[in-house]
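What follows is a single structure, written as C-alpha cells, with notes after it.
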Number of protein chains: 2
Amino acid sequence: MAPSPAFSPLYRQIKALLLKSLEAREWRPGEAIPSEQELAARFGVSQGTVRKAIDELVAENLLVRKQGKGTFVVSHSDPRQFYRFLRLRRDDGEWVQATSVPIDCWRAKAGQEASRILQIPLGSPIVIFRRVLRFAQKPLVLDEIYLPGDLFAAFSLDALKEWRGSLYSFFENRFGVRMVRAEERLKAVAADRVTAEMLGVAERSPLLFVERVTYTYNDRPVEWRKGFYATESYHYYNELT
Amino acid sequence: MAPSPAFSPLYRQIKALLLKSLEAREWRPGEAIPSEQELAARFGVSQGTVRKAIDELVAENLLVRKQGKGTFVVSHSDPRQFYRFLRLRRDDGEWVQATSVPIDCWRAKAGQEASRILQIPLGSPIVIFRRVLRFAQKPLVLDEIYLPGDLFAAFSLDALKEWRGSLYSFFENRFGVRMVRAEERLKAVAADRVTAEMLGVAERSPLLFVERVTYTYNDRPVEWRKGFYATESYHYYNELT
DNA sequence: CAGTGGTCTAGACCACCTC
DNA sequence: AGGTGGTCTAGACCACTGG
C-alpha cells in the first residue's frame, strides 16, 4: 500500500556526509581526509560503518586508500590519474605520452544543445576552446571543448599554455572543478577539410569521433567536448566487464 | 632482502576456492551457490570472511546477490545480461533490440595472429563464423568470430540459427563456456566493397571497427572477433570512471 | 614507536523472500 | 516461521608507513 519507505542504511548516510564535505572542499585534492577512527567519533558510529562508506567512495574513484598513511582525495595531479580518461593507445598496446597544444578560444552564449547537455540556461555564457593532442610529435586528436562560463569565467588560453600537466589537473587547480566521471559516444566519420589539415590526414579519411560529457560530484555536467581521433596506428582501448 | 612473502588474506584464499568451484562447474549459471553460513562452515571461517570473498566476485560480475533469496552464478541467459557486452545505442540514447543473423561458417588452422590472441598452438583447429546484427531490421554490425576448435568442436550454424537468445547464452548453454570480461580496440576505417554491401552503406564510407578478445575465468581468452559497425544514426556508448 | 588502513571474528538485529 | 542476504557493532590483531 504505502510507498516504499526508502530505507537508507547508516553507511550510506555517512557516505552522503563525506560527499558533502568533498563537494564543499573541506579537504583538497591530494590531501588526506581524517582517519577512520576520527570520522567514526565525529559521526558517532563504529569504524566499520565509516569504512564501508569510504569503500564506496573509493570504488567511485573519489578517494584512494594508502595503507599505513591514510585515505586521500583523488587528484588529477596524481600521475596515475593523468590518463584516466584518455583511452588512446598505440596499436602494439603501449601507452604513449601525450602533449596538449592549445589552438584558440572564444566565448559564446549557450545554444539549445549546449544548454541541454551542460544543464545551464539558454543563452548563458560558455567558454569554447580547441586543442590538439600530440603523441610522439604527431597530432592525433583535435578537441573542441565547451565549458560553462560561470564556473570557468577566468579561463584563458595563456594560462593553459603555461600549465604543465593534464587539462583536468588545470581545471582542478585553477577553478576547483574536479572531474569525477564521464560518458562518451563514439562514431566513425569522414574527415572534413579543416580537421584533416590539422591532423595531417587526407580529406574524407575515416576518423573516430568522440563526444564526451564530463561530470563532477552529484552528476553535475561541467564539460562537453567533441573530439576527432586519427586511428591509423592508434586505437581506442576499452574494457568490458 | 628476501622477496616479499606474498601475503594473501584469508578472504582471497576463500575467493580462489570459490573461483575454482565456479570453473569446475560445481554450480551452473543461474543457480544459487550455498548460503554464506554454509560456505563459512565448509571453509572453517566466519561468515564475514566468506562475505568479503563473495563481494569481490560480485564486483567482477561472476556472482549476483539477491536479498532474501541467495547468491547466484551470473548467466548470459539472464535478460539483464543480454546486452552487457554490446555498446551500440541509437543516437537519441535508446537501447534497441538486436537480432542476430548467422551468415556462414568454416574451419581453419590457427595462424600466427589467432594463435597469439587465443593462446593456442599454431596450427590448432579454429572455428570461424560471420553474422550480422540487425537493429530495427537494419543490418548495422558485421562480425567475424574466431573460436578455439577444441572448446567449440560441435559448433554448427544450424544449431545457432535455432537458438533464441544471445550468442553468449548459446555458448554458455551448449559449450559450457562462460564469457566473463572482454577487451575492445576501436578504430575508424573505410568500408571495403563486401562489407559495405552487407551493411547497406556506400563503399569507402566510415565504419567503426571493433576488435574484441573475450575471456573466461582466470583470464583465459576464448573468443576473438572483428566487427564493423555502421554508426550513422547509432553510436558506441562508454562510461569512464 | 605510534598511527594508519586491512583483516578477522562473533554476535545481534534488520530487510526481504518463500512457504 | 524460517531462510537468505544486509547492516552494525566492538574488539583483537596484522601490515605498512614514517618519525
Side-chain angles (χ1 to χ4, degrees), chain A residues 1-18 21-22 27 30-75 78 80, chain B residues 1-18 21-22 26-28 30-75 78 80:
Chain A
M1 300 252 185
S4 72
F7 163 76
S8 176
L10 195 46
Y11 73 87
R12 275 207 201 281
Q13 302 173 36
I14 304 300
K15 180 186 171 188
L17 291 174
L18 292 173
S21 289
L22 283 168
W27 314 297
E31 284 182 5
I33 68 171
S35 76
E36 296 178 353
Q37 290 293 357
E38 245 174 285
L39 291 169
R42 178 196 298 192
F43 298 130
V45 300
S46 78
Q47 191 214 12
T49 300
V50 169
R51 193 169 175 72
K52 196 152 185 189
I54 292 178
D55 276 343
E56 293 205 348
L57 294 169
V58 168
E60 291 166 20
N61 284 303
L62 301 187
L63 299 175
V64 282
R65 300 176 185 282
K66 297 183 186 174
Q67 184 170 128
K69 300 178 75 171
T71 301
F72 299 77
V73 180
V74 165
S75 168
D78 181 339
R80 282 168 298 199
Chain B
M1 299 252 184
S4 72
F7 163 75
S8 176
L10 196 45
Y11 74 86
R12 275 210 201 280
Q13 303 172 37
I14 304 299
K15 181 188 172 188
L17 292 174
L18 291 173
S21 289
L22 283 168
E26 183 173 335
W27 315 297
R28 311 192 75 83
E31 283 182 5
I33 69 171
S35 75
E36 296 178 353
Q37 288 293 357
E38 248 174 282
L39 291 169
R42 179 199 295 193
F43 298 130
V45 299
S46 79
Q47 191 214 10
T49 300
V50 169
R51 194 169 174 73
K52 194 151 185 191
I54 292 177
D55 276 344
E56 293 206 348
L57 294 170
V58 168
E60 291 167 20
N61 283 304
L62 302 186
L63 298 176
V64 281
R65 300 174 185 283
K66 297 184 187 174
Q67 181 169 125
K69 300 177 76 173
T71 301
F72 299 78
V73 181
V74 164
S75 169
D78 180 339
R80 280 166 301 196

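Labels below follow one simple rule: chain letters A, B, ... track the order of the sequence lines, proteins then strands, and each chain is numbered from 1. Only a predicted model underlies this, so the values are computations on that prediction, with no experimental measurement involved.
Between A:S35 and C:dG3, a side-chain N or O to OP1/OP2 separation shorter than 4.0 Å is absent. Proximity of B:T71 to the phosphate of D:dG5: a side-chain N or O atom is located under 4.0 Å from OP1 or OP2. In this model, the phosphate group of C:dT18 is approached by a side-chain N or O of B:K69 to a distance below 4.0 Å at OP1 or OP2. OP1 or OP2 of C:dC8 has not a single side-chain nitrogen or oxygen of B:T49 nearer than 4.0 Å.
Side-chain atoms of A:Q13 come within 3.5 Å of backbone atoms of A:S8 as a donor-acceptor pair (strictly under, hydrogens ignored).
Within the structure, every pair that satisfies the salt bridge (charged side-chain N to carboxylate O under 4.0 Å, His left out) test and touches residues 38-50 of chain B, not counting sequence neighbours, is listed here: B:E26-B:R42.
Annotation: salt bridge (charged side-chain N to carboxylate O under 4.0 Å, His left out) contacts of A:E56 (sequence neighbours excluded): A:R12, A:K15. Judged as a side-chain contact (heavy atoms from CB on, under 4.5 Å), and not counting sequence neighbours, the contacts of A:E31 are A:W27, A:R28. Partners of B:T49 according to the side chain to side chain donor-acceptor pair (under 3.5 Å) rule, which considers only residues two or more places apart in sequence or in another chain, are B:S46.
In this structure, the CZ atom of B:F72 is 9 Å from the C1' atom of D:dT4, given to the nearest Å. Per the geometry, CD belonging to A:E36 stands 18 Å off P belonging to D:dA15, to the nearest Å. Following rounding to the nearest Å, B:I33 (CD1) and D:dT4 (P) show an atom-to-atom distance of 12 Å. The CZ-P distance, from A:R12 to C:dC14, rounds to 20 Å in whole Å. B:Q37 has its CD atom 11 Å from the P atom of D:dG3, to the nearest Å. Rounded to whole angstrom, the span from the CD atom of B:Q13 across to the P atom of D:dC14 amounts to 16 Å.
Nearest-nucleotide assignment on DNA chain D puts the 5′-proximal partner with A:P9, out of A:P9 and A:Q47.
Distance check: B:T71 OG1 to B:L63 CG gives 7.0 Å after rounding to the nearest 0.5 Å. Of the inter-residue distances, the one linking A:L57 atom CG with A:L22 atom CG reads 6.5 Å to the nearest 0.5 angstrom.
Residues B:L18 and B:A53 come closest through the heavy atom pair CD1-CB, 4.2 Å.
Of all nucleotides listed (D:dT9, C:dG5, C:dC8), D:dT9 comes nearest to the side chain of A:V45. For B:L10, whose side chain is taken as the heavy atoms from C-beta onward, the closest listed nucleotide among C:dT4, D:dG6, C:dC8 is C:dC8.
Fit an axis to the five pairs at each end of the helix from C:dC1-D:dG18 to C:dT18-D:dA1 and the two axes sit 10° apart, to the nearest 10 degrees.
Taken residue by residue, residues 50-67 of chain B places heavy atoms nearer than 4.0 Å to DNA chain D at B:R51, B:R65, B:K66, B:Q67.
Screening A:L62, A:V64, A:V58 for a side-chain contact (heavy atoms from CB on, under 4.5 Å) involving A:V74 leaves a single residue, A:V64.
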